[in-house]
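Below you'll find the structure, written out as structure tokens, and then a few comments.
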2 protein chains.
Amino acid sequence: MTAPTHADETPAGPDIDDEVLLLLRRADQRYTTGRRRLVAALQSGDGPLTINQILDVDRSLAQSSVYRNLMVLEQVGAVVRIVTRDEFARYELAEHLTEHHHHLICTSCGDVADFALDDSMESSLDEALHKAADTRGFAVDAHRLDLLGTCGDCG
Amino acid sequence: MTAPTHADETPAGPDIDDEVLLLLRRADQRYTTGRRRLVAALQSGDGPLTINQILDVDRSLAQSSVYRNLMVLEQVGAVVRIVTRDEFARYELAEHLTEHHHHLICTSCGDVADFALDDSMESSLDEALHKAADTRGFAVDAHRLDLLGTCGDCG
DNA sequence: TCTGGGACTGATAACGATTCTCACCCTCGG
DNA sequence: CCGAGGGTGAGAATCGTTATCAGTCCCAGA
């Protein structure tokens, strides 16, 4: 269990829990124990998790429910689905619940970790992206930046 | 981008064809007509293509051969596999056969188009990425930058 | 508190993109 | 011209993901 920044005791962090609850309510959905467990599991890594990793973190979760609830949480905007190069989809809490960040994808073991650019770089990048997209008549919602390489464990 | 200069009779543009041939030879693989057709098909769009799009471009290709040959071409380094948000994998010619670029991914229709950042932005980004990765003990091979939003057709 | 209905769950079946299998073809060296 | 691999194509098999469905739980109203 590695809550990124704050060291706290509650399963999913009270702030995030509240946020998720709100998002679910807004869509007439309930925040059940299974969903709370799922959100807590997603927080336990320092990067996006695969279904199997989630099931591994919390054995009390049923596979079909995990798939279904991840779908719900994604529609609600609490969770983001990520596809890397390998065959498994990965999920993580949405950015507005955490912080803007990017991914370090290890092409050897397939693991994904988070990292962030410093603010000035991030904003000038953002500006450049919007400019580039505009000339193509493309309306940007978000950007996604991944680094491919080998992680410390594999290197 | 498509064959930049001369319009020729050969399916895939002589320069790229030669490059691919070399890559295949290096791995003791042949550059058969089916593979040439495949490479030509990949050049026909201005972005990565799905298997179905490829089959659509050239009806003479067999699905299983397309899958197999894309795998071969990927191992050889002539083709890159890309996974977006939707359920289909997409393939495009490797960067050293074309130019460094990024992707505009339409979250509405799922289509993918290419775009490039200007050089100064690209290199300062690259530098920032390496710096960020170094502090995590991560060795960067490449980066991948996608813009998510709606394309002109869907907007 | 009781009750009804709708949301949620979990086991299982179905789905579908991708991969594997295998018999046949084609190409290249001798 | 022949033989040995690599390539091909049609279909079967794989496996992550989705859909189904009966049973359970939770909330609102009586």
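Throughout, protein chains are lettered first and strands after them, A, B, ... in sequence-line order, and every chain is numbered starting at 1. The model shown is predicted, which means the values in this text are computed figures rather than measured ones.
In this structure, B:Arg30 atom CZ and C:dT27 atom P are separated by 9 Å, rounded to whole Å. Note: CZ (B:Arg36) to P (C:dT27) measures 12 Å, nearest angstrom. As rounded to whole Å, 11 Å separates atom P of D:dT17 from atom CZ of A:Arg90. To the nearest angstrom, P of D:dT17 lies 11 Å from CG of A:Leu55. Between A:Leu61 atom CG and C:dT9 atom P there is a gap of 10 Å when expressed in whole angstrom units. Atom-to-atom, CG of B:Asp28 to C1' of C:dT27 comes out at 15 Å; the value is rounded to the nearest Å. Look at CZ on A:Arg25: it is 15 Å from P on C:dA7, rounded to the nearest Å. Atom CD in A:Gln63 sits roughly 11 Å away from atom C1' in D:dT18 (whole-Å rounding).
Here B:Thr32 lies in heavy-atom contact (under 4.0 Å) with sugar-phosphate atoms only.
Contact annotation: A:Ser65 side-chain N/O to C:dG10 OP1/OP2 distance is under 4.0 Å. Between A:Tyr67 and the phosphate of D:dT17, there is a side-chain N or O to OP1/OP2 separation shorter than 4.0 Å. At the phosphate of C:dC8, OP1 or OP2 sits under 4.0 Å from a side-chain N or O atom of A:Gln29.
Side chain to side chain, A:Asp114 and A:His103 meet the donor-acceptor criterion of an N or O pair below 3.5 Å. With 3.5 Å as the limit, one finds a donor-acceptor pair spanning the side chains of B:His100 and B:Glu122.
The stretch residues 68-76 of chain A touches DNA chain C through A:Arg68, A:Asn69, each having a heavy atom under 4.0 angstrom from the strand.
The side-chain tip of A:Arg136 does not point at the ring of B:Phe115 from less than 6.0 angstrom away and within 45° of straight on.
Both A:Ala62 and B:Asn52 lie close to DNA chain C; mapped to their nearest nucleotides by heavy-atom distance, the more 5′-ward contact belongs to A:Ala62.
With distances taken from any side-chain atom of A:Ser64 to the nucleotides D:dA19, D:dT17, D:dG6, the minimum falls on D:dA19. Of the candidates D:dG6, D:dT17, C:dT18, the closest approach to any side-chain atom of A:Ile51 belongs to D:dT17. Checked against D:dG7, D:dT17, C:dT19, the side chain of A:Ala89 finds its nearest nucleotide in D:dT17.
The pair A:Arg25-A:Asp28 does not meet the salt-bridge criterion, since no charged nitrogen lies less than 4.0 angstrom from a carboxylate oxygen.
To the nearest 0.5 Å, the span separating CG on B:Leu147 from CG on A:Asp141 amounts to 10.0 Å. One finds the OH atom of B:Tyr67 at 8.0 Å from the CG atom of B:Leu55 (value rounded to the nearest 0.5 Å).
Between A:His130 and A:His143, the ring center distance fails the sub-6.0 Å criterion.
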